[in-house]
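The first residue of the sequence shown is numbered 1, and numbering continues consecutively from there. Small disclaimer: the values here were computed from a predicted structure and weren't measured.
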Amino acid sequence: MKKGLCVLLLPLLLLTGCRREEPARTAYQLYFQEADLTYSAGDGAFRTETVYLYDERTETARALAEALMKELLKGPADETLKSTLPAGTSLLSLELAGDRALVDLSASYESLSGVALTLADGAIAMTLAQIPEISSVQITARGRELAYRERQVLNIREVLLTPEEDVISTVEARLYFLNQEGSLIPETRTLDLYEGDTQVSAVARALEDKPEGRDLLSPLPEGFQVKSVWLEESICYVNLSSARLEGVEDALVQTALRALENSLQSLEAVEEVRFLTDGEFRRDLGPFEEP
């Protein structure tokens with residue numbers, strides 16, 4: 001019996017001894033953007049997705065940079081994320097000149113400008129910032145610099161310390177202001193979204209600013225204050241300060257509410273607007289009832 005047991009165990013021991021170990025891999029972060037900023041709290045321009053690369057294939061800084069760029073260009077696996085790079089963009093070449101990464105992309109990258117270009121450049125720089133040997137990035141399209149940029153060379157340290165005031169996206173809205181006759185009229189605006197913004201908060205803030213039209217006035221009277229505004233599914237909630245409403249004429253308050261309602265409902269995601277004061281629903285503010 002013992003001899004037979006040894007005969008049975010021998011092949012198992014041989015197989016165990018011949019088992020190959022899994023090659024070592026290291027985790028890296030790829031930088032993308034939220035696919036839908038409608039409900040985003042605006043905590044930052046980028047969201048990350050982890051990718052694991054085999055160490056033996058990324059032994060040099062150039063090999064690692066090239067591998068990261070190829071993974072970034074594939075786009076995110078998570079459906080809640082989207083790439084900041086145009087669809088169809090490919091990597092033509094990647095070289096290192098000292099501590100600078102020279103990244104040359106295909107023609108589709110030339111279609112970017114403004115905020116979109118800033119986000120795409122930032123995603124590349126942030127992804128390559130994980131490589132200690134790289135301290136700056138220069139991105140070209142078919143070997144040519146993009147004229148829309150203020151700076152052609154991105155310093156990694158400066159990108160990592162991007163101030164919170166930077167625009168992270170935009171949204172188009174139809175804002176309602178007062179004309180000289182006291183009637184509400186729409187003005188189409190493209191609003192910048194900053195860190196901490198949502199689409200609805202950007203609309204509420206824009207109504208407080210001076211309208212672009214020369215003969216238009218803000219519909220929000222002095223003393224009127226929107227404390228907070230948020231979106232739940234398709235309902236937008238506007239929380240007002242009761243203290244700031246005291247002493248304001250009812251007619252002016254109703255005009256302000258109509259302007260807020262019409263402006264917020266110009267956003268695709270907003271189907272209904274409900275008003276509150278200090279967190280409590282008010283039936284007398286607007287035509288909306290408590291849910």
Problem - Residue pair Thr190, Val171: steps toward the side-chain contact (heavy atoms from CB on, under 4.5 Å) verdict - result: CA-CA 6 Å; Thr190 298; Val171 62; over 6 Å; no

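- Under the 4.5 Å side-chain heavy-atom criterion for Ile, Leu, Val, Met, Phe, Trp and Tyr, Val51 and Leu91 are members of the same hydrophobic cluster.
- Residues Gln138 and Glu145 bring a donor and an acceptor atom of their side chains to less than 3.5 Å of each other.
- Scanning both residues, Val137 and Ala125, for their nearest heavy atoms gives CG2-CA, 4.3 Å.
- A 4.5 Å side-chain heavy-atom check between Arg274 and Ile235 finds at least one atom pair inside the cut-off.
- No side-chain heavy atom of Ile185 sits under 4.5 Å from any side-chain heavy atom of Tyr176.
- Linking ILVMFWY residues whenever their side-chain heavy atoms come closer than 4.5 Å, directly or via other members, leaves Val153 and Leu146 in distinct clusters.
- Ile139 contributes atom CD1, which lies 4.0 Å from atom CD1 of Ile124 (distance to the nearest 0.5 angstrom).
- No side-chain heavy atom of Leu260 sits less than 4.5 Å from a side-chain heavy atom of Val229.
- With 3.5 Å as the limit, one finds no donor-acceptor pair spanning the side chains of Thr188 and Arg174.
- The CD atom of Glu49 sits 11.0 Å away from the OG1 atom of Thr127 when rounded to the nearest 0.5 Å.
- At a threshold of 4.0 Å, the pair Arg205-Glu208 does not count as salt-bridged, since none of the basic side-chain nitrogens sits closer than that to a carboxylate oxygen.
- Residues Ser135 and Asp99 share a closest heavy-atom pair of OG-OD2, 2.6 Å.
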Problem - Stepwise side-chain contact (heavy atoms from CB on, under 4.5 Å) check, Leu68 with Tyr28 - result: CA-CA 8 Å; Leu68 285 174; Tyr28 297 95; 3.7 Å; yes

Exercise for the section: Could you go through the salt bridge (Lys or Arg N to Asp or Glu O under 4.0 Å) check for Lys74 and Glu71 one step at a time? Expected result: CA-CA 5 Å; Lys74 290 179 183 178; Glu71 292 294 329; 3.1 Å; yes

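- With rounding to the nearest 0.5 angstrom, the CG atom of Leu240 is 13.0 Å from the CD atom of Glu280.
- Relative orientation of the Tyr237 and Trp230 rings is parallel, given thresholds of 30° and 60° on the angle between their planes.
- Side-chain atoms of Glu172 and Leu267, non-hydrogen and from C-beta on, never get closer than 4.5 Å to each other.
- When the options Asp121, Thr140, Leu92, Asp104 are evaluated for a side-chain contact (heavy atoms from CB on, under 4.5 Å) with Tyr109, the one that passes is Asp121.
- Across all their heavy atoms, Leu72 and Ala123 have their closest contact at CD2-O, 4.1 Å.
- Contact check for Arg62 versus Glu133: no side-chain heavy atoms found under the 4.5 Å cut-off.
- A donor-acceptor contact closer than 3.5 angstrom is absent between the side chains of Thr89 and Ser106.
- A side-chain donor-acceptor contact under 3.5 Å links Gln29 and Thr50.
- Between Leu178 and Thr255 the shortest side-chain heavy-atom distance falls below 4.5 Å.
- Contact of the Leu102 side chain with the Leu96 side chain is not registered, since no non-hydrogen atoms from C-beta on lie closer than 4.5 Å.
- Shortest non-hydrogen contact noted between Pro219 and Leu207 is CD-O, 4.0 Å.
- There is no side-chain donor-acceptor pair under 3.5 Å between Thr170 and Asp192.
- One N or O on the side chain of Asn239 and one on the backbone of Asp278 form a donor-acceptor pair closer than 3.5 Å.
- Remark: Asp215 CG to Glu181 CD distance equals 9.0 Å, nearest 0.5 Å.
- Closest approach of Leu264 to Val270, counting heavy atoms only: O-CB, 3.3 Å.
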Practice task
Verify side-chain contact (heavy atoms from CB on, under 4.5 Å) between Leu216 and Gln180, making sure each step is shown before the conclusion.
Solution key: CA-CA 7 Å; Leu216 299 180; Gln180 296 298 319; over 6 Å; no

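- Val273 has its side chain out of reach of Leu257: every pair of non-hydrogen atoms, C-beta onward, lies at least 4.5 Å apart.
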Practice task
Please step through side-chain contact (heavy atoms from CB on, under 4.5 Å) for the pair Leu184 and Arg258, ending with a clear verdict.
Solution key: CA-CA 9 Å; Leu184 290 173; Arg258 290 200 304 272; 3.9 Å; yes

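- Listed here is the closest heavy atom pair of Leu175 and Ser263: CA-OG, 3.6 Å.
- Seen from the ring of Phe32, Arg47 does not count as a face-on cation partner, given the 6.0 Å and 45° thresholds.
- Between Lys82 and Glu34 there is no salt bridge, since none of the side-chain N atoms of the basic residue sits less than 4.0 Å from a carboxylate O of the acidic one.
- Between atom CZ of residue Arg57 and atom CD of residue Glu66 there is a gap of 13.0 Å, rounded to the nearest 0.5 Å.
- Between the side chains of Thr198 and Ser201, at least one donor N or O sits under 3.5 Å from an acceptor N or O.
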